[in-house]
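The model shown is predicted, which means the values in this text are computed figures rather than measured ones.
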Amino acid sequence: MKARKRARPGSGQLVWTGKSWSGRFIALVDGVQVRRCVSLGTDSRAVAAAKLARLVSGEDTGATVKRAETFEQAARRVVDASTIRTKDERLSRLVRYAFDQLGAMPVTEIKARHIKATLAAAQVALGGPTTTVGHLLHDVSSVFEDLWRDETIAENPAKRVRIESAKSTSAPRVVLSDAEFERFVSSPAVDSELRMMALTSRCLGGMRSSDLHEFDWSHVDTRDWVSAFVPRKKTGKAEAGAARHAIPELLVEPLKAWWAEHKRPLQGPVFPCRRGKRAGERKQAKTYAAALRKALWSAGVVRPLPGYDPNDPKRELCQLQQGDEHTSRVDFHSFRRAYATAAARA
């Protein structure tokens, strides 16, 4: 049989990963040929070729090349290339809780202690151990796992990290009463988009925020305003023929007005980006919990806790803002729970 030809030291190959270039080459380590694959941290072929040439010639050990890709660069590349349905949510968590701490650091310099500090900061921002912190650790670990498979790093530092488990709680989310909801949606202090999203979620299928991002004018019967298709991005199980809901009378006129305000489109997102370079395009993952609580407070929708003084109002003494021993504070998902509760009662 013909012997397989082995690659020789002094040669290299550029590999395009979809976002940046990596280099494969054979290095001599203590007289032994070792196959290596290194992320070159650039989308420029010329720059990548120069970096690979230095690696092949031995002028560069690879540390300089690896430092070229920061954690934020690596995370955006890895998440963008992934096929998971919730990749927008993953990137959103990384943006909110990881990039401030880890974003500018070279991936080869990040240790378990840096990840622990990032998770600790996230816990403080979230008010304690929550499932979001666990999701964040998984998000960070998935990025490093991809880098480890590409042999960009020697190990996944996130695997050395353990976090305090989120406290198990059966405390239900606070749900606005009809009177509270009416006061909220009728207040001029509430942003028109947030008002319309809340009304749609509570009245039409209990849509999550991710469902509202997917909600398209092509889903709506804009001729007779009888029914609408409710997307389910998280589960992806709903089919157009089986997930049409009757549009409640309460929602018809506001939805018509929203449609007219957006120049009566036949397709395109119902709740698009409103500003910036992506204005008019479909939104990516975003949470509305903080904006909702702020809007409720501005609208004067208050459910006092013991010690609340109307002459000196404090948000930490409002059940909607803070929750209590029996309930979790209100968030956007509360509208979905309100819809489900009403449907069950009906």
Side-chain angles (χ1 to χ4, degrees), residues 89 92-93 95-98 100 119-136 163-204 206-213 234 250 254 271 274 283 285-342:
E89 288 82 352
S92 178
R93 280 191 296 269
V95 169
R96 283 179 283 150
Y97 304 117
D100 282 348
L119 298 177
Q123 283 191 2
V124 171
L126 292 164
T130 69
T131 54
T132 300
V133 178
H135 290 323
L136 179 63
I163 60 173
E164 180 183 351
S165 299
K167 296 178 180 179
S168 176
T169 176
S170 57
R173 292 178 172 88
V174 172
V175 175
L176 300 180
S177 67
D178 289 346
E180 289 171 333
F181 185 74
E182 182 178 355
R183 183 171 185 175
F184 167 69
V185 296
S186 62
S187 172
V190 177
D191 175 74
S192 61
E193 182 189 58
L194 183 62
R195 178 191 300 114
M196 194 63 210
M197 293 181 78
L199 188 62
T200 304
S201 176
R202 184 166 171 133
C203 297
L204 188 62
M207 283 192 268
R208 304 174 180 88
S209 56
S210 60
D211 298 335
L212 290 167
H213 295 162
K234 183 175 181 179
L250 178 67
F271 301 105
R274 292 188 289 175
K283 288 184 178 181
K286 182 179 179 180
T287 177
Y288 299 94
L292 172 61
R293 288 190 287 269
K294 183 179 179 180
L296 286 166
W297 187 254
S298 299
V301 183
V302 178
R303 199 180 291 180
L305 291 171
Y308 180 84
D309 182 358
N311 297 316
D312 183 23
K314 295 180 180 179
R315 290 177 67 171
E316 58 266 27
L317 293 177
C318 172
Q319 185 191 32
L320 301 177
Q321 302 289 327
Q322 190 67 24
D324 58 23
E325 58 183 357
H326 302 295
T327 59
S328 300
R329 60 185 179 172
V330 72
D331 62 13
F332 199 86
H333 204 80
S334 299
F335 298 128
R336 177 173 171 79
R337 181 168 180 265
Y339 175 86
T341 300

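In this structure, the side chain of S334 does not engage the main chain of V175 through any donor-acceptor pair within 3.5 Å. A donor-acceptor pair under 3.5 Å is absent between the side-chain atoms of S187 and the main chain of R183, judged by distance alone.
With sequence neighbours excluded, the residues forming a side chain to side chain donor-acceptor pair (under 3.5 Å) with T327 are Q319, D324, listed by chain and number. Among residues two or more places apart in sequence or in another chain, the side chain to side chain donor-acceptor pair (under 3.5 Å) test is passed with Q322 by none. In this structure, the side chain to side chain donor-acceptor pair (under 3.5 Å) partners of R93, at least two apart in sequence or on a different chain, are D139. The side-chain contact (heavy atoms from CB on, under 4.5 Å) search around R336 returns R208, R232, H333, not counting sequence neighbours. With sequence neighbours excluded, the residues that form a side chain to side chain donor-acceptor pair (under 3.5 Å) with Q321 are R315. Every residue two or more places apart in sequence or in another chain was checked for a side-chain contact (heavy atoms from CB on, under 4.5 Å) with D100, and none qualifies. For F335, the ring pair (Phe, Tyr, Trp, His ring centres under 6.0 Å) partners are F181, F332, not counting sequence neighbours. Residues passing the side-chain contact (heavy atoms from CB on, under 4.5 Å) test with A120, sequence neighbours excluded: none. Residues forming a salt bridge (charged side-chain N to carboxylate O under 4.0 Å, His left out) with R173 (at least two apart in sequence, or on another chain): D331. Under the rule for a salt bridge (charged side-chain N to carboxylate O under 4.0 Å, His left out), the partners of E180 that lie at least two apart in sequence or sit in another chain are R303.
Of all heavy-atom pairs spanning V174 and V330, the tightest one is O-CG2, 3.8 Å. L194 and A291 make their closest contact through CD2-O, 3.8 Å (heavy atoms, listed as atom of the first residue, atom of the second, distance). Among all heavy-atom pairs drawn from A299 and V190, the shortest one is CB-CG2, 4.1 Å. Contact detail for Y339 and C203: the closest heavy-atom pair is CE1-O, 3.8 Å. Shown here for A122 and Y97, the closest heavy-atom pair between the two residues is CB-CB, 4.0 Å.
From L250, atom CG reaches atom CG of L204 across 11.5 Å, with rounding to the nearest 0.5 Å. Rounding to the nearest 0.5 Å places OG of S209 at 6.5 Å from CE of M197. With rounding to the nearest 0.5 angstrom, the CD1 atom of I163 is 8.5 Å from the CG atom of L136. Atom CD of E316 sits about 10.5 Å away from atom OH of Y308, to the nearest 0.5 Å. For the atom pair D309 CG and L317 CG, the distance stands at 9.5 Å (nearest 0.5 Å).
Annotation: salt bridge (charged side-chain N to carboxylate O under 4.0 Å, His left out) contacts involving residues 191-202, sequence neighbours excluded, comprise D178-R202, D191-R274, E193-R274, E193-K283.
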Practice problem: Might you work through the side chain to side chain contact (heavy atoms under 4.5 Å, CB included) test for S201 and L212, ending with a clear yes or no? | Solution: CA-CA 8 Å; S201 176; L212 290 167; 4.3 Å; yes
